[in-house]
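Working notes for the structure below.
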Amino acid sequence: MGGIGKKRKREKQRPTIHPDNKYAETPPDFAHLASLYPSFRPYVNYSTHGGAARPFLDWTDFNATRELTRVLLLHNHSLRWQIPDGHLCPTVPNRSNYIHWLNDLLSSHIIPTNSVSSQQGKVRGFDIGTGANCIYPLLGASLFGWTFVGSDVTDVAIEWATRNVNSNPHIAESIEIRKVEDNEKAPCLEGFHDGGTRIDICQEVGPSLPSLPLHSNVHENKNYDGPPILLGVVRDDEKFDFCMCNPPFFESLEEAGLNPKTSCGGTSKEMVCPGGEKAFVARIIEDSVVLKHQFRWFTSMVGRKSSLKSLVSKLWEVGVTIVKTTEFVQGRTSRWGLAWSFLPPIQKPSISLLQKNMSFMLEGLPRQHGAINVLEAVKSYFSMHGLSCTLNTSAFTVDVVASKDECDSVLKNHSPVINKSINFQPTGETSNGLRLNLSSDRSSLRILVFQQIPGTLLVKGSLQDRSSPLSGVFAAIFQKLEEALRHEFCTKSA
Ligand SMILES: C[S@@+](CC[C@H](N)C(=O)[O-])C[C@H]1O[C@@H](n2cnc3c(N)ncnc32)[C@H](O)[C@@H]1O
């Protein structure tokens, strides 16, 4: 009983719909829509189970789901829309979640806004594989006034996406539909190794690509060898605030299968690519390394948690500065949003100059990752950068002593991979009070780790005093530490 109760409680706590989503409070009212739109009426059935007649749709009927999407886009977004039989039919609440999450990212000011100049001050996005439905550009333009390039490889997608754009003259100017040539191979990526053998995946075209780290885990996976995705499609002089993608999730038609409980359509071109979503998004990551100065945010939807995990590792390997993930839940289906950037995160000067204490939480840690492991990782992080630090296992603290120059060099370096087995020689003793070798240009900061609840740790950082020479870099150092710990403990435990 207790177990079931707990499970229910956990299910209730699962993230569901974005709070700004139109359907967050009130799901679509089928009876009301049927009363307004006669074409929708034939698809609404009523169950009399339990007294009151409750409207419902037959989700296995493609025409019913398509008509629902059509009337929702018309009713709630004033958008005229249609797709051909059998093509992927988007659900509006689900696709809106991605758009709202993107809006959160863009307005978060985590990275500079002016580093990639947008067209006439308007947000500009690139929708990879916009599909016949062109759903993301239509929603993004209508909800937030964004402008878009929507790309696709199939003639049918290009024809119907163009038709959907032109049916909405109020936003048509904001959306360009761009054909990706299917007969071209994506530009070659060099430098991947498979068991020590160098593999050149295809013949190189366009700008040369940097070698990726040799320990890239991509050799475990199938490589993408389809048409270009970003590189070769985005023009040299173009800049975008973001790219987005709902990739072909599956490796084969068999894997795509048919969910007998729903009928959202989807042709093989829409649903399947060799290597599946992992290969497709891995290629977006590789393209992003080359196009890092042309986009503020790169994002993609991911259909499997296992893909998310390996893609996040790949991102850190290629040297991104930020990774953000989110979970989109609709009914019983989960999808994940993955975002990354190569821009330096904004280090808020007001905070770094004034703030003496900072903290963050590490959540969802597996049992084997306790406070001591995190403390050891903190010590390892700083000592790998050459800073002297002391771990006090009874007080759950690490005291770090550094000069301003040493801190600056930490900030200039890429985050090192935390190596928990590193040997470190402490330079001083600490108990509750600090007793470290502080010369005049050196100062100390203390990191404390507390267990909040099982699986959740609070990491606190505090400067010895506000006038410390480290006060100007404290926030930035602490942010770097947070990224390194999240990378070590949160992505690997995902
Ligand atoms: C899962 S569908 C997504 C359609 C739409 N964005 C949505 O969310 O419903 C994937 C789309 O990617 C397109 N596609 C596949 N490879 C592509 C490539 N290299 N460049 C652009 N589009 C591609 C497919 O034709 C298909 O329309």
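Note that the structure is a prediction, hence the values are computed from the model and not measured. Every number for a ligand or one of its atoms is a count from 1 in the order of the listing.
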Could you tell me whether some N/O pair between [X] and ligand 1 is separated by less than 3.5 angstrom?
| X | result |
| --- | --- |
| T154 | no |
| D127 | no |
| G129 | yes |

Just by distance, with hydrogens left out, do [X] and [Y] show a side-chain donor and acceptor under 3.5 Å apart?
| X | Y | answer |
| --- | --- | --- |
| N63 | R66 | yes |
| T65 | Y43 | no |
| N246 | Y98 | no |
| N164 | S167 | no |

Would you check if [X] and [Y] make a side-chain contact, meaning some heavy-atom pair closer than 4.5 Å?
| X | Y | value |
| --- | --- | --- |
| I175 | I171 | yes |
| S107 | F144 | no |
| D155 | K179 | yes |
| N168 | W81 | no |

Residue-level breakdown please: for [X] versus ligand 1, do any non-hydrogen atoms fall below 4.0 Å on the side chain, on the backbone, on both, or on neither?
| X | result |
| --- | --- |
| C245 | neither |
| P228 | backbone |
| Y98 | neither |
| D152 | both |

Look at ligand 1 and say whether P227 reaches it with a heavy atom at a distance under 4.0 Å.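 Flag set, P227 near ligand 1.
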Examine ligand 1 and decide if any of its atoms is less than 4.0 Å from a heavy atom belonging to P247.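 Distance cut 4.0 Å: P247 passes for ligand 1.
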Give the residue and atom name of whichever protein heavy atom lies nearest to [atom], and the separation in Å to one decimal.
| atom | answer |
| --- | --- |
| atom 3 (C) of ligand 1 | N246 O, 3.4 Å |
| atom 9 (O) of ligand 1 | R95 NH2, 2.8 Å |
| atom 23 (C) of ligand 1 | V153 CG2, 3.7 Å |

Which atoms of ligand 1 sit under 4.0 Å from any heavy atom of [X]?
| X | value |
| --- | --- |
| F280 | 16 (N), 17 (C) |
| S151 | 21 (C) |
| G131 | 4 (C), 27 (O) |
| Y136 | 8 (O) |
| I229 | 19 (N) |
| T130 | 4 (C), 5 (C), 6 (N) |
| E270 | 1 (C), 2 (S), 10 (C), 26 (C), 27 (O) |
| N133 | 5 (C), 7 (C), 9 (O) |

Working to the nearest 0.5 angstrom, can you tell me the gap between F360 CZ and L481 CG?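 Interatomic distance, F360 CZ to L481 CG, rounded to 0.5 Å: 5.0 Å.
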Distance in Å, E67 CD paired with S39 OG, rounded so as to fall on 0.5 Å steps: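 If we round to the nearest 0.5 Å, E67:CD and S39:OG are 3.5 Å apart.
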Centroid separation under 6.0 Å, is that true for the rings of F240 and W297?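 Centroid separation for W297 and F240: 6.0 Å or greater.
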Could you go through the salt bridge (charged side-chain N to carboxylate O under 4.0 Å, His left out) check for R124 and E238 one step at a time? CA-CA 10 Å; R124 185 161 164 78; E238 284 184 310; 3.5 Å; yes
